[in-house]
Amino acid sequence: MDAAFFDSYIWPVLVILFQSVLLLVLLLVFVAYILYADRKIFAAVQLRRGPNVVGPWGLLQSFADLLKFVVKEPIIPASANKGVFLLAPLVAGVLALSAWAVIPVADGWSVADPNLGLLFVFAISSLEVYGIIMGGWASNSKYPFLASLRSAAQMVSYEVSIGFVIITVLLCVGSLNLTDVVNAQQDGLGTRLGMPVNSFLDWHWLALFPMFIIFFISAIAETNRPPFDLPEAESELVAGHMVEYSSTPFLLFFLGEFVAITLMCALTTLLFLGGWLPIIDIAPFNWLPGIFWFVLKGMFVFFCMAMVRSIVPRYRYDQLMRLGWKVFLPISLFMVFITAFVLQYMGWAQS
Amino acid sequence: MGVAALFFYLFATVTVASAFMVIASRNPVHSVLFLILAFFNAAGLFMLTGAEFLALILIVVYVGAVAVLFLFVVMMLDVDFAEMREGFLQYLPIGGIIGIILLVELIFVLGTTFVDPQAASVAVQPIPDMAETSNIKAIGDLLYTRYIFFFQLAGIILLVAMIGAIVLTLSHRTDVKRQNIADQVARDPEDAITMHKVKPGEGI
């Protein structure tokens with residue numbers, strides 16, 4: 001093996017491998033605490049204590065749950081389609097994790113930064129429905145099957161509005177590269193309105209406010225979080241597509257779901273909340289590293305999602321479909337036209 | 001053999017193998033899943049040629065939306081597999097003819113390259129240099145200027161097809177209660193509640 005081959009192939013692969021492992025470990029630890037936070041917030045809203053037994057203040061609860069799932073016996077129903085049954089949780093887990101490869105957590109801090117990063121994330125998130133459909137069908141049981149039918153319709157519907165929201169952001173930025181998306185928010189509506197320094201008013205959430213709300217709600221629907229958790233509505237379908245799953249396959253489904261949620265939080269942060277940009281670009285704030293702001297904003301979005309989960313009652317299925325097709329689709333389509341018109345008319349369009 | 005060639009043979013082999021499994025597998029749901037695998041590997045092939053926009057659009061549109069609906073329908077089918085086996089021979093001639101036509105077309109395409117190696121470079125619209133413009137820009141430049149008429153025509157055809165499907169399936173049932181959100185939101189206590197003073201022993 002000569003040095004040129006090592007330099008051009010082996011070394012980059014090793015670097016990417018190291019970066020991926022680092023990202024995965026940090027992400028999974030983060031997911032463990034996101035789960036804990038979710039349960040604590042849910043408990044606090046209901047005036048309960050939440051998990052508080054394992055470790056100080058229950059901080060090790062998620063790890064105890066992990067251990068419990070791993071040492072349980074995996075049960076495969078006799079009439080299940082075995083191959084697809086075991087493939088489904090893998091698809092759900094791996095797809096959600098793979099989209100994180102292109103998310104820049106600070107300026108230049110991403111495993112890969114392709115030109116079409118945003119489209120890649122959108123493509124991956126549109127595939128997450130397969131885990132649910134395959135799991136529901138392969139279980140060969142009625143509740144999982146109903147869940148997979150519901151989720152197929154639900155996730156395809158809300159992808160449409162997410163797609164249009166991404167198009168409006170794309171119009172404002174002029175690039176599908178996620179780093180460019182954040183850098184474009186350094187200077188925007190706030191400075192145009194006369195703010196002396198770059199601040200949070202420059203981020204897209206203000207300029208594209210209705211789209212920000214639509215994206216937030218669609219993100220909740222896309223990740224099957226309450227109040228849109230119809231694929232696993234426990235009062236109707238027991239646990240939906242996960243009824244027949246136990247042990248590690250169940251853990252993978254659960255993990256995939258929560259990684260998808262962190263992905264949507266990260267995407268909301270990147271698209272609308274300025275990614276790693278400081279809240280105001282003046283002395284004490286811009287000393288802090290970009291990753292700090294990114295994580296802070298991501299956690300803020302997650303807190304909002306957790307509050308929505310604890311406050312809003314579950315939607316009925318026809319209301320969900322109505323919201324997606326009759327409310328979000330026309331509004332977002334209209335906003336695409338308005339945004340394009342304003343950008344062209346005011347001469348703000350990126351070349 | 002470079003790494004790109006290695007990946008080309010990997011993707012190409014899996015594409016052909018999974019395309020074969022689409023028609024060979026006994027279970028229709030497995031067929032759809034193999035179709036999705038074939039789409040994925042085709043997207044990989046697009047990636048290798050530098051057309052990453054087409055690759056991702058293939059995944060978003062075909063795998064993320066069309067194949068989901070396929071799977072949705074196929075899952076709900078109650079298929080008798082033995083009966084499907086019998087029908088296989090019946091459709092063989094038509095399928096065979098289409099296969100032969102495609103094969104001949106492929107031979108023509110490959111043949112021109114062998115006969116005249118310059119043929120590929122004399123395209124109607126020159127392909128811009130990949131290093132200068134990204135392929136998403138190149139596609140946009142072509143699609144929205146030179147081929148705008150065909151682009152809009154395709155849009156209109158899709159719109160007509162969509163309206164046709166809605167007209168064919170829409171049936172307004174009058175015997176069910178429907179929820180009118182606007183009505184519900186517009187209701188206020190004055191219209192909704194009436195107060196009656198009921199005298200004892202008389203009723204309303």
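Numbered from 1 within each chain, the chains take letters A, B, ... in sequence-line order.
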Please classify the contact of [X] with chain B as side chain, backbone, both or neither, using a heavy-atom distance under 4.5 Å.
{"X": "A:Leu127", "value": "side chain"}
{"X": "A:Leu176", "value": "side chain"}
{"X": "A:Met134", "value": "side chain"}

Say whether [X] and [Y], considering side chains only, have a donor N or O and an acceptor N or O under 3.5 Å apart.
{"X": "A:Glu159", "Y": "A:Ser126", "answer": "no"}
{"X": "A:Arg316", "Y": "B:Gln179", "answer": "yes"}
{"X": "A:Ser218", "Y": "A:Ser161", "answer": "yes"}

Requested in this report: If the plane angle is over 60° it's perpendicular, under 30° parallel, otherwise tilted; pick one for B:Tyr62 and B:Phe39.
Outcome: tilted
Query - Ring centroid separation B:Phe40 to B:Phe11 under 6.0 Å - result: no
**Report entry** Contact class of B:Ala67 relative to chain A, heavy atoms under 4.5 angstrom
**Finding:** both
Query raised in the report: Between B:Leu71, B:Ile59, B:Val68, which shows the greatest number of heavy-atom pairs under 4.5 Å with chain A?
Result: B:Val68
**Report entry** Pick from A:Asn81, A:Asp318, A:Leu87 with the largest number of heavy-atom pairs that fall under 4.5 Å of chain B
**Finding:** A:Asn81
